[in-house]
Amino acid sequence: MQRALSVSRMSGNRSTFPEWYQAVVREAELAETSPVRGCMIIKPWGYGIWEELQRDLDRRIKETGHQNAYFPLFIPLSFFAKEAAHVEGFAKEMAVVTHHRLKALGGELVVDPDAALEEPLVVRPTSETIIGDAFQRWIKSYRDLPLLINQWANVVRWEMRTRLFLRTSEFLWQEGHTAHADVADARAETMRMLEVYRDFAETTLAMPVVAGEKPENERFPGAVATYSIEAMMQDGKALQAGTSHYLGQNFARAQNIRFQDAKGELEYCHTTSWGVSTRLIGGVVMTHGDDDGLRLPPAIAPRQVVICPILRDKPEDAEVLAYGESLAKALNGQTAFGERMRALLDTRAMRSADKRWDWVRRGAPIIVEAGPRDAASGQVVFLRRDALRDGDKVASQAMAQHAFIAEAPRILADIQSALYAEAKARLDDNIRSDIRSFEALADYFGAAADEDEGAPFRGWVRAPWSRPTGAALEAVDARLKGLKLSLRNIPLEQGGPGGDCLFTGAPAVEEVLIGRAY
RNA sequence: CGGGGCGUAGCGCAGUCUGGUAGCGCAUCUGCUUUGGGAGCAGAGGGUCGCGUGUUCGAAUCACGCCGCCCCGACCA
């Protein structure tokens, strides 16, 4: 009997994709909703993924010369007032602390009206302002530059509509903040970190992305230029998986971040900021998950090999356990992805078959089932989560113990690249670049196509455009909105010149990526 | 915040129209039997039916109000 997730993403009804996503998050025990609206409880397996991801990215951030620091959760309200576009962008989603005390009133705890703060504190939605305030004090001379800081933190944005990992009121992220002496250096930093994100997403998360510049209307509030990496989910929608911003001198002017150059003159710094968040975990689910649950890229799996002993309440159980322990120990002594391999002997008192499916749902890359016969013969029988089934059957393989121990790192690497290849093929096969008019675009994505029961998978469209700005761009955005579409980014890797603009009819200057988005 | 849908055991649901004291499958626990592939049989535990007010002899069921969740908008990493 097959009992997979309660919801299959492959069922014909498109509306089941979000339900499938929620089912995976629940059944893989990644996270659950909390008593606090819009916030999530990240469970040990989900948090373990975050820790792996964090460790890998933290290394990359440090290798590019940045240092970690920590800034306060509370930001004085007045700090936000300094940069106009920044305020406007975040004003509607701020959580504000106005009081510092409660009092008992008629048996109930109420906010003490006599304990109002002189100045309200904002729970950080992002830290440009409070870090900029520190930069202003820390930077005196060109010799202090570049200043390269990163912070791992939680942030709060009062979202109207939330979904676990993809959009929650509170989430975890890293935010890099840097200050430079000139434009070129700051722009180079922006691109360097975009590239760090691209490589991290593709190498570590096995999640192929398109890196590019956001059109003007999608910029970070207060930025001069915003770049993103966009990943294609299994329903064809785009997920903005990371952003990197060149902030120009906007924040430096607003916060008086100045330095004395070699000629002794005072100049404003050029600053950047960049971040990725726990949203990436949602991206991994929607990139690699299948009808049996999550499939984790081995590089971020908290446990890369899980050994499920087949215990039968018989004397040979002890040998089976001993065999499992020695196998786990030998695997933990191996190296995979440049780190100690992470193997686990699952000794929980559960039926071994239930244990196996538990790890299948959680996405463990290699699941070993070790019974008395294996213990006696020195054999290892295992499943690869990336290729779980062979028709109706579970595709298990067998190897001699010593060979398995030696081969395990290579198998993990193989799983990592198989997951990447699958996702990369899906991305490449579903970017259309043959659409040459807005009508054709509307036809492809339009309402009529939505109603169509067997509607084909629709990914993204790469189209020539003339890079309109201001009101002309707003008009383009409005037309796209009618089709539930948005401009994702202008890929860094451009194709040929490609004709006239899809929207304005003017000669195109570049190609832009269009799609539905999370 | 607008439009639609939904809140009944951990998960998935029936029961609601037509009020009569809560049920099914999976999961959990116990026992026996099984044992290399998501076990079988028998039994058990677990629910203020989202919350509140009202109608009624009696409310999961009817009325009103509120809250939450999901989908679609607006907003966004």
Side-chain angles (χ1 to χ4, degrees), chain A residues 1-7 13-19 21-23 26-27 29 32-38 88-93 125-126 155-175 197 214 218 220-221 226 228-231 238-245 273-283 292-293 308-314 316-317 320 349-361 367-375 379 381 383 388-389 392-396 398 447 450 478 481-482 484 486 516-518:
Chain A
M1 186 191 82
Q2 175 176 330
R3 191 195 59 109
L5 293 167
S6 45
V7 180
N13 185 352
R14 258 190 308 284
S15 73
T16 65
F17 190 83
E19 290 167 24
Y21 173 78
Q22 288 184 88
R26 184 182 64 240
E27 304 244 341
E29 299 186 62
E32 59 188 33
T33 52
S34 76
V36 182
R37 181 195 158 85
E88 199 185 330
F90 283 101
K92 283 176 284 186
E93 50 188 42
T126 179
V155 285
V156 168
R157 299 178 186 177
W158 214 256
E159 298 290 346
M160 293 171 180
R161 200 173 137 201
T162 58
R163 307 180 69 177
L164 292 176
F165 291 114
L166 301 176
R167 174 162 301 105
T168 46
S169 289
E170 179 189 17
F171 56 93
L172 308 183
W173 77 346
Q174 71 46 228
E175 46 180 327
Y197 288 157
K214 284 285 191 187
E218 300 273 350
F220 176 77
T226 287
S228 73
I229 53 171
E230 304 279 332
L239 183 77
Q240 181 173 305
T243 50
S244 185
H245 316 287
S273 68
W274 28 273
V276 300
S277 70
T278 36
R279 168 179 259 199
L280 287 174
I281 295 173
D292 291 304
C308 301
I310 297 171
L311 303 175
R312 307 187 298 173
D313 289 327
K314 291 191 175 169
E316 60 263 35
D317 281 4
V320 173
M350 283 171 71
R351 290 177 49 78
S352 55
D354 291 340
K355 249 185 240 185
R356 180 228 290 190
W357 288 102
D358 186 49
W359 289 108
V360 166
R361 281 190 291 276
I367 301 166
V368 173
E369 294 179 289
R373 292 213 297 269
D374 304 314
Q379 194 180 231
V381 176
L383 313 169
L388 185 67
R389 293 174 186 277
D392 290 340
K393 293 188 138 185
V394 169
S396 65
D450 270 347
K481 208 165 270 180
K484 301 180 197 168
S486 56
R516 295 195 168 153
Y518 276 96

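We name chains A, B, ... by the order of the sequence lines, and we start the count at 1 in each one. None of these values were measured; they are calculated from a predicted model.
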message = Could you tell me how far apart A:Arg356 (CZ) and B:rA39 (P) are, to the nearest whole angstrom?
response = 9 Å
inquiry  = Please tell me whether A:Ser228 and A:Glu230 have a donor and an acceptor in their side chains that are separated by less than 3.5 angstrom.
reply    = yes
Inter-nucleotide P distance (B:rG31, B:rG36), Å rounded = 22 Å
message = Mind checking if A:Leu166 touches a base, just sugar-phosphate, or nothing, with heavy atoms under 4.0 Å?
response = base
ask   = Paired with B:rC62: which nucleotide, if any, by Watson-Crick or G-U wobble criteria at under 3.5 Å for both distances?
value = B:rG54
message = Work out how far the P atom of B:rG68 is from that of B:rG23, and round it to whole angstrom.
response = 32 Å
query = Is A:Leu388 close to A:Ile367 at the side-chain level, that is, under 4.5 Å between some pair of heavy atoms?
reply = no
key: Of A:Gly371 and A:Gly89, the one whose closest RNA chain B nucleotide lies more 5'   = A:Gly371
Please list, pair by pair, any protein nitrogen or oxygen found under 3.5 Å from a nitrogen or oxygen in nucleotides 45-49 of chain B.
none

ask   = Under 4.0 Å: is that the gap between some side-chain N or O of A:Lys481 and OP1 or OP2 of B:rC75?
value = yes
key: A:Phe220 vs A:His245 side-chain heavy atoms within contact, under 4.5 Å   = yes
inquiry  = If I pick the C1' atom on B:rU16 and the same atom on B:rA59, what distance separates them, to the nearest angstrom?
reply    = 11 Å
key: Nearest-angstrom distance from the residue atom CD of A:Glu29 to P of B:rA27   = 16 Å
remark   = Across every strand shown, the nucleotide meeting Watson-Crick or G-U wobble geometry with B:rC69 (both distances under 3.5 Å) is B:rG5
inquiry  = At 4.0 Å (heavy atoms only), tell me whether A:Glu369 reaches a base, stays on the sugar-phosphate, or touches nothing.
reply    = base
inquiry  = Nearest whole Å is fine: how far is B:rC69 P from A:Leu164 CG?
reply    = 11 Å
key: Student check: side-chain heavy atoms of A:Arg279 and A:Gln240 closer than 4.5 Å   = yes
ask   = Looking at residues at least two apart in the chain, or sitting in another chain, which of them share a side chain to side chain donor-acceptor pair (under 3.5 Å) with A:Glu159?
value = none
request  = Using the C1' atom as the reference point in each nucleotide, state the distance between B:rG40 and B:rC26 in Å, no decimals.
outcome  = 16 Å
message = Categorize A:Arg163 for me: base, sugar-phosphate, or nothing, with a 4.0 angstrom heavy-atom threshold over every strand shown.
response = sugar-phosphate
ask   = With sugar-phosphate meaning primed atoms plus P, OP1 and OP2, does A:Val360 contact a base, only sugar-phosphate, or nothing at under 4.0 Å between heavy atoms?
value = nothing
Minimum side-chain heavy-atom gap A:Pro309-A:Lys355 below 4.5 Å = yes
query = Do A:Glu175 and A:Trp173 touch side chain to side chain, with heavy atoms closer than 4.5 Å?
reply = yes
ask   = The side chain of A:Phe171 lies closest to which of these nucleotides: B:rA77, B:rG36, B:rA39?
value = B:rA77
key: Spacing of the P atoms in B:rG25 and B:rA44 (rounded, Å)   = 13 Å
task = Please state how far atom OH in A:Tyr518 lies from atom C1' in B:rC70, giving the value in whole angstrom units.
result = 14 Å
task = Could you check how far NZ of A:Lys484 sits from P of B:rC71, rounded to whole Å?
result = 13 Å
task = Please state how far atom CG in A:Asp292 lies from atom C1' in B:rG38, giving the value in whole angstrom units.
result = 10 Å
request  = Please examine the side chains of A:Ser396 and A:Val381, heavy atoms only from C-beta on, and report whether any two atoms are closer than 4.5 Å.
outcome  = yes
task = Answer yes or no: is there a side-chain heavy-atom contact under 4.5 Å between A:Ser169 and A:Glu93?
result = no
task = Using a 4.0 Å heavy-atom cut-off across all strands, classify A:Thr226 as base, sugar-phosphate, or nothing.
result = nothing
key: Opposite nucleotide pairing with B:rU28, Watson-Crick or G-U, both atom distances under 3.5 Å   = B:rA44
Polar pair under 3.5 Å, donor/acceptor by atom type, side chain A:Arg161, base B:rG2 = no
task = Give one of base, sugar-phosphate or nothing for A:Phe220, where a contact means two heavy atoms less than 4.0 Å apart.
result = nothing
ask   = Is there a side-chain contact between A:Thr243 and A:Tyr197, using heavy atoms and a 4.5 Å cut-off?
value = no
query = Taking the C1' atom of each, how far is B:rA22 from B:rC49, in whole Å?
reply = 8 Å
request  = In whole angstrom, give the distance that lies between atom CG of A:Asp354 and atom P of B:rA27.
outcome  = 7 Å
request  = Quickly work out the A:Arg26 CZ to B:rA27 P distance and round it to whole Å.
outcome  = 15 Å
Show me the protein contacts with nucleotides 32-35 of chain B, counting only N or O atoms at under 3.5 Å.
from, atom 1, to, atom 2, distance (Å)
B:rU35, O2', A:Arg312, NH1, 3.1

message = Looking at A:Arg356 and A:Glu369, is there a salt bridge between them, counting it only when a charged N and a carboxylate O are closer than 4.0 Å?
response = yes
